[in-house]
*Asks:* 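Just passing along the structure, written as structure tokens.
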Amino acid sequence: MIEGKPKYTLVGFFVIFSISVALATVYFSTSFFKDKDLHSYYILTKYSVSGLSVGSPVKYKGVDVGKVSAIKIAKDQETLEIKISVEKNLDLKKDVIASLGIAGITGLSYIDLERENGVKAYYDEKLDSYVIPMKPSELQQISNYIPQILSSANNLIKNLNNLISSKNTKKFDLLFANINDTIKNLNSLITASKSSLSNTNKVLAAFNTKINELNVKDINDTATQYKTLAQNLNKETKELDTLLKSLKTNSNTLTTNVYPKINKTLESIQKTSNEMRILIKHIKNHPNSLLIIKHQKPFPLEETK
Amino acid sequence: MKKIFLVLSLLIISSCAFVQKEKTIEFIKPSKTYKGDKTVYISSVSSPRYLDTDDMPYLYKHQLRYFAKHRFPCSLDCTVKNYLLEALPYLVEKPISDYKLSIYIYDFEPYFKTIHEGNMILKARFYLKHKNTYKIEDFNYDKAFSVKDFSGLIDQENIALQVMAKRLNSFIKDAIIILKEGKSV
């Protein structure tokens, strides 16, 4: 059997084609070449980054701009070194701060980059890269606030209980009874004043008539009427005095007992509402935080027996 | 049918409770009591919010944390007030005395250097008021400890409070003598 002459052109073409296919496979299936278009930064934190893993997205203003390429624990055993690779055209050296974001209700985390004036990344010679500062996530901030909120709510309930205690209820009853009495006194005083004024008018009219008539007997009668009027006025003055005293007592009760308690309660409500606002804002942004329970890590001494 | 299934599923899911393990309550009781001649009204025992909780705080590597498995019977203010009422029986919680005592605790926690060693810290300020005169004193307790287990740590907290009760007793006695003369310090 005679062997044919090898077709070198065909073999060469096949070899070149195979190498091209291999290179294309490497390019599309790995990030070997793509990484050249990325820039590496480091983020150092002492907070827990549960849910974050290698490959987790890095978002800038909500847009995917890179991924987490490595997470290491530093030599001090406390600090976490998170290496991120982001698009080269994005400059993160100035006015950028990182935080831990949580995606949906899955519990998976991502690195959230935001603009914040005055924040500056620094160059770390050991890491040979820029380090972006990190702030605690809203969830971490909220978890710090929860004991305060509970304490405020407790104080508020105590104050409310205090305000509606049987002792205060009695005071309120007494206050309302005093107010009722005062209103009654005021009504009778107004009625009395009206009749006094009408009496004064009558007396003045009679006085005028009598002056015109210049009758001595009538002058005597008028004098008697004046006396009665003076007595009435004296009585009304006394009633007015009693009324003023009653008003003073009521105002003292309000100033010394009721107002400070109301003020205290209002302050408590204000404080709690501020804390609630932060909590609601967080729950609105991270609804999954209601489902995630963060377990406290026991101190090793607690485990000793 | 689908709707009924959906409603039932929601009911079952919403009835699931997140169960958290109960913490052990550490009760601190004075081992010694101190007598006094005058009745003194203890108007308040207060502390910053991060201390005034039934969680027991500790410091480790410059961080304030709370023990995960142990707690006080009530908040710190309540625990200390109760302790002092028991240690100093002449203290009363109702305003039936002209002498009014207030205490502010601004530090009470172990500062661990290692897992078993550290310093017990208790810092407080005492105020005693009588009519328009008053006396103030600071109390600082900072003592090294070495414990094997958690009960050893509770003993150390008890010792710190006992020392504070003793110091408070002598402060009240001295202050009453000075305040009688109408001097403020």
Side-chain angles (χ1 to χ4, degrees), chain A residues 44-48 73-80 105 107 136 140-159 162 165 167 256-257 260 264 267-268 270-272 274-275 278 287-305, chain B residues 13-14 16-24 26 44 46-72 74-78 94 109-118 120 145-157:
Chain A
L44 306 181
T45 181
K46 286 188 177 179
Y47 291 101
S48 159
I73 296 167
K75 279 181 183 174
D76 64 359
Q77 304 288 310
E78 279 283 314
T79 314
L80 296 173
I105 58 163
Q140 283 156 343
Q141 286 176 32
I142 284 296
S143 65
N144 290 339
Y145 271 114
I146 284 169
Q148 290 182 15
I149 293 166
L150 289 174
S151 159
S152 286
N154 208 10
N155 279 342
L156 179 68
I157 290 162
K158 269 184 198 169
N159 284 336
N162 212 0
S165 67
K167 201 179 163 188
T256 53
N257 293 327
K264 214 174 168 186
E267 274 170 18
S268 250
Q270 201 181 9
K271 225 172 187 178
T272 312
N274 282 340
E275 281 161 1
I278 297 164
N288 62 323
S289 61
L290 288 170
L291 298 170
I292 299 166
I293 296 175
K294 200 179 171 187
H295 287 289
Q296 238 174 319
K297 200 179 159 191
F299 188 67
L301 185 75
E302 291 185 272
E303 315 271 36
T304 320
K305 282 184 182 173
Chain B
I13 292 165
S14 61
C16 289
F18 296 104
V19 180
Q20 209 168 4
K21 218 175 173 185
E22 269 294 309
K23 290 183 179 184
T24 312
E26 297 296 344
S44 70
S46 50
S47 57
R49 275 190 162 185
Y50 62 89
L51 284 181
D52 186 28
T53 159
D54 52 3
D55 285 326
M56 300 176 81
Y58 67 92
L59 282 168
Y60 186 56
K61 292 185 178 175
H62 306 289
Q63 288 183 350
L64 186 100
R65 298 170 191 177
Y66 298 97
F67 287 116
K69 293 185 171 180
H70 301 81
R71 69 173 178 88
F72 289 125
C74 55
S75 71
L76 180 71
D77 296 354
C78 150
K94 297 279 175 197
E109 69 278 310
Y111 189 165
F112 286 102
K113 284 172 184 164
T114 65
I115 290 162
H116 295 278
E117 287 172 349
M120 180 59 68
F145 67 80
S146 172
V147 290
K148 281 182 185 172
D149 53 16
F150 202 82
S151 66
L153 187 78
I154 296 301
D155 291 342
Q156 290 300 321
E157 296 216 334

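Computed from a predicted model, the values in this text were never measured in an experiment. Naming: A, B, ... by sequence-line order, numbering from 1 per chain. Scope of the values below: all heavy atoms of this structure, side chains included, with no hydrogens, waters or symmetry mates.
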*Asks:* Examine whether an atom of B:Tyr66 lies under 4.5 Å from a heavy atom of chain A, and if so say whether it belongs to the side chain, the backbone or both; otherwise answer neither.
*Replies:* both
*Asks:* To the nearest 0.5 Å, how far apart are CG in A:Asn155 and CG in B:Asp52?
*Replies:* 8.0 Å
*Asks:* Which atom names give the shortest non-hydrogen contact between B:Thr114 and A:Phe299, and what distance separates them?
*Replies:* O-CZ, 4.5 Å
*Asks:* Does B:His116 reach the side chain of A:Pro300, with side-chain heavy atoms less than 4.5 Å apart?
*Replies:* no
*Asks:* More than 12 heavy atoms of other residues, nucleotides or ligands under 6.0 Å from NZ of B:Lys23: yes or no?
*Replies:* yes
*Asks:* Are B:Arg65 and A:Lys297 close enough that some pair of their side-chain heavy atoms sits under 4.5 Å apart?
*Replies:* no
*Asks:* Looking at A:Glu78, I want to see if its CD is surrounded by more than 12 non-hydrogen atoms of other residues, nucleotides or ligands under 6.0 Å.
*Replies:* yes
*Asks:* On a heavy-atom basis, which atom in A:Pro298 and which in B:Ala68 lie closest, and how many Å separate them?
*Replies:* CA-CB, 3.6 Å
*Asks:* Any residues in residues 55-62 of chain B near chain A, with a heavy-atom distance under 4.5 Å, and which are they?
*Replies:* B:Tyr58, B:Tyr60, B:Lys61
*Asks:* How would you list, by chain and number, every residue that makes a salt bridge (Lys or Arg N to Asp or Glu O under 4.0 Å) with B:Lys69, sequence neighbours excluded?
*Replies:* A:Glu303
*Asks:* Can a donor-acceptor pair be found, under 3.5 Å and without considering hydrogens, that links the side chain of A:Glu302 to the backbone of B:Phe150?
*Replies:* no
